[in-house]
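I have placed the structure first, in the form of structure tokens, so that the comments after it can refer back to it.
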There are 2 protein chains.
Amino acid sequence: MDEEPGWRRQASPTIYDVAKACGVAPSTVSRAFSRPGRVNAETADRIRRVAAEMGYRTNPLARALPTGKTSLLALLVADVTNPFFFEIIRGAQEAARVAGYTMLVADVEESAEAEKEVLDRVVPLVEGIILATSRLSDSSIRVTAKQRPTIVLNRVMTDIPSVVTDNARGMRRAVEHLAELGHTTITYVAGPEASWADGMRWRSLREAAFELELQTRRIGPFSPTLAGGLAAARTFDDRPTSAVITYNDLLAIGIMRGLTLMGARIPADVSVIGFDNIFGSDFCTPPLTTVAAPLRNLGAFAVKTLLAQLAPNAPRGLRPALLPAQLIVRESTARKGPRLAPWATAAPPPQRSVTKDGNWLP
Amino acid sequence: MDEEPGWRRQASPTIYDVAKACGVAPSTVSRAFSRPGRVNAETADRIRRVAAEMGYRTNPLARALPTGKTSLLALLVADVTNPFFFEIIRGAQEAARVAGYTMLVADVEESAEAEKEVLDRVVPLVEGIILATSRLSDSSIRVTAKQRPTIVLNRVMTDIPSVVTDNARGMRRAVEHLAELGHTTITYVAGPEASWADGMRWRSLREAAFELELQTRRIGPFSPTLAGGLAAARTFDDRPTSAVITYNDLLAIGIMRGLTLMGARIPADVSVIGFDNIFGSDFCTPPLTTVAAPLRNLGAFAVKTLLAQLAPNAPRGLRPALLPAQLIVRESTARKGPRLAPWATAAPPPQRSVTKDGNWLP
DNA sequence: CAAGGGATGGCAATCGGTTGCTGCCCCCCA
DNA sequence: TGGGGGGCAGCAACCGATTGCCATCCCTTG
């Protein structure tokens, strides 16, 4: 009865198999891979040859158990379908890959609940965590950071390493741009209240406007999505201004679309500036003037910072890393025109209906 | 000297700690969680209470080593920055999460090399794999499938479970739509040669056109990106037709933009239909008529199929799952106009420069 | 009252590497 | 010739949970 050994789905060879085939001890095989100098060069070579022949691959689970080195990093993003994260993910994955790490990207669907759940699941698996635009409270983040090295992206915390875009400088450039075009009052379309970046951008706007002697106004909060922008357009229509800066590009694209439907012309009637320079901001109508975040770099930099934390001689640099933003002028901004709402009196609104999630009805 | 026990970064409690605190054996603690009926209800309750108090969390690595259950699934996508995948990722992550699995999303940057490397790294960690738009050869995929249950998305293989959009039906609808608008010749703008979907779409176009007595033409291959579309516009300009169907939306948006820069009006001069209904296809200029793939469902369905494979009584349904596509008519298609190239004679092209990756120059 | 059996809990092996320590061999140098 | 030391390989414990098997205990039943 013992000629047919029980088989599992995939009996890949182990160091024990390799050891037997080579006539050495398992520990020697292990060291042949993980500590090359520790074993005779010839022996090591032979072991590696045989191992390759047998198709041996070291089992990451087994390695991770005693050492804790899973070679896994986690990146939690608020919303994978938000283009803001695309290049961040790319940059992070790439950086992780070249460093020999695998990136575990998880979507938390804009919910603190889901974020906690995902964290619970992921924390024990990974060596480090990047929280991109977390919706968690500072204290929740600290709890996580106590368990694994953690980096926050797009948010500043005093006791956790953070990587952010230089919002203040970017906002300053945007405001200057509008001022040069003759605008005197700027409406800020706010994003989620829980968002650190939103508060930061609004404050920076206030400051810049104050220095340049412009007026500001604020509407919101709105969901940072196309649909949110559509809603913002309706609110904005009550007290319009000639210039708008939005929390992010999605909101900007949405508000442009909403205003256009109401009969406004962009940029002739209203100039709009977004934030982040996401995918699509260059081919929307009109192409959007926006404060470009160094997205890819943001992701890559976060990984590098995290990896640095992982090193035994933890550097502990806690000053937030400020990555430069850049104003990209496209076609949604223009010299201030004479006309303000109601737009409909000037141009009949192209009649068309839009569903609540921002799609055209057939 | 032994009062200060060596500490590791995070000594989370183990079943041994819990066992000691409860005065029972570790195995009992283990069973209290994994096999509730097997241990006295009171004991189990007490153990669970103490465990909760101590903040015990079962270590997934340790559990996975003997059992092989990592509760991890892998989703490999050709390009995370391609919006085609956004909703697929969402759908897949969501489905995995509710099933108690964590999804490991990996970007392979459109390269078979990178795909292999990522697979090597990921295969031993996960219980199953979803290959979305793989650039691998059939035989490479089979090798992977031998190691772990594997599902291919957007590609049909006879011996591996696959989930695809019903391209033929979708293409048929698109061609009918163009025929109704009076178009007689359709140019197909091809995507990557290695793409199964590209071949499928082109064949379906041929068939549909044949039945409806239309002419077809084919240009390409082009990279399935905005930049690819810009290049396609130049090629198309040599032998223009009044209708274009592209391999995907990105290509469609790119070619629309390219043609517009050359002075063509869309849809008056050229009607364009894309494929996939990606993020952005509704707010580009003009909003794109496209064959909508059930993206979110595609992802969710793939996960469900994979999970089914994981069950011990493997169903082994090998007929590819065809998910229905839908034609979304927006504003990039219109009745065939009288005018063909050269466009420039009719309308002076708005002079503007575009960088090779499709951004406007400042 | 004894045999049988279900309910509970413990023992110990196991998953596949890693690593501290030991032991052996050989070479070098005094 | 003997002692010291470096190079190399093996032994065995360990990471933390799972699980087959055995030992108890107590209750039931003939």
Side-chain angles (χ1 to χ4, degrees), chain A residues 5-48 50-51 54-72 123-125 127 147, chain B residues 5-48 50-51 54-72 123-125 127 147:
Chain A
W7 58 266
R8 6 177 86 231
R9 181 182 278 288
Q10 192 54 222
S12 32
T14 71
I15 48 167
Y16 296 92
D17 302 321
V18 177
K20 200 173 304 173
C22 289
V24 299
S27 50
T28 306
V29 177
S30 170
R31 280 194 273 255
F33 288 101
S34 54
R35 213 166 304 268
R38 184 63 177 67
V39 36
N40 183 305
E42 283 173 42
T43 319
D45 257 13
R46 186 163 48 92
I47 291 177
R48 274 195 289 266
V50 173
M54 301 175 62
Y56 166 77
R57 322 232 62 206
T58 127
N59 178 334
L61 256 56
R63 190 216 297 278
L65 189 48
T67 61
K69 260 204 65 62
T70 58
S71 296
L72 244 34
V123 159
L125 279 176
E127 293 182 47
Q147 311 186 64
Chain B
W7 58 268
R8 6 178 83 231
R9 181 182 280 287
Q10 192 52 223
S12 31
T14 72
I15 49 168
Y16 295 93
D17 302 322
V18 177
K20 201 173 301 171
C22 289
V24 298
S27 47
T28 306
V29 177
S30 170
R31 282 193 274 255
F33 287 101
S34 54
R35 215 167 305 267
R38 182 62 176 69
V39 34
N40 184 305
E42 284 173 42
T43 319
D45 257 13
R46 185 165 47 93
I47 291 176
R48 275 195 289 266
V50 173
M54 301 175 64
Y56 166 78
R57 323 233 61 208
T58 127
N59 177 335
L61 257 57
R63 189 217 295 282
L65 188 48
T67 61
K69 260 204 65 63
T70 57
S71 296
L72 243 35
V123 159
L125 279 176
E127 293 182 48
Q147 311 186 65

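Within every chain, numbering begins at 1; the chains are lettered A, B, ... in the order of the sequence lines, protein sequences first and strands thereafter.
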DNA chain D contacts made by residues 20-34 of chain B, counting heavy atoms under 4.0 Å: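 B/Ser27, B/Ser30, B/Arg31 - these, ordered by number, are the residues of the stretch whose heavy atoms sit under 4.0 Å from the strand.
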
Over how many whole Å does the gap from [X] atom [atom1] to [N] atom [atom2] extend?
| X | N | atom1 | atom2 | value |
| --- | --- | --- | --- | --- |
| A/Tyr16 | C/dC15 | OH | P | 9 Å |
| A/Arg38 | C/dG17 | CZ | P | 19 Å |
| A/Arg35 | D/dA9 | CZ | P | 15 Å |

Kindly point out which of [options] is positioned nearest to the side chain of [X]?
| X | options | result |
| --- | --- | --- |
| B/Thr58 | C/dC21, C/dT8, D/dA17 | D/dA17 |
| A/Thr43 | D/dA17, D/dA9, D/dT19 | D/dA9 |
| B/Asn40 | D/dG10, C/dT8, C/dC15 | C/dT8 |
| B/Leu65 | C/dC21, C/dG17, D/dG16 | D/dG16 |
| A/Arg63 | D/dA17, C/dT8, C/dT18 | C/dT18 |

Pairwise side-chain contact, A/Asn59 with A/Thr14, heavy-atom cut-off 4.5 Å (strictly under):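 The answer is no; the side chains never approach within 4.5 Å.
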
Residues that A/Lys20 engages under salt bridge (charged side-chain N to carboxylate O under 4.0 Å, His left out), provided they are two or more places apart: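 So A/Lys20 forms no salt bridge (charged side-chain N to carboxylate O under 4.0 Å, His left out) with any residue.
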
Check: B/Tyr56 ring centre within less than 6.0 Å of B/Phe33 ring centre: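 Between B/Phe33 and B/Tyr56, which both carry aromatic rings, the centre distance is below 6.0 Å.
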
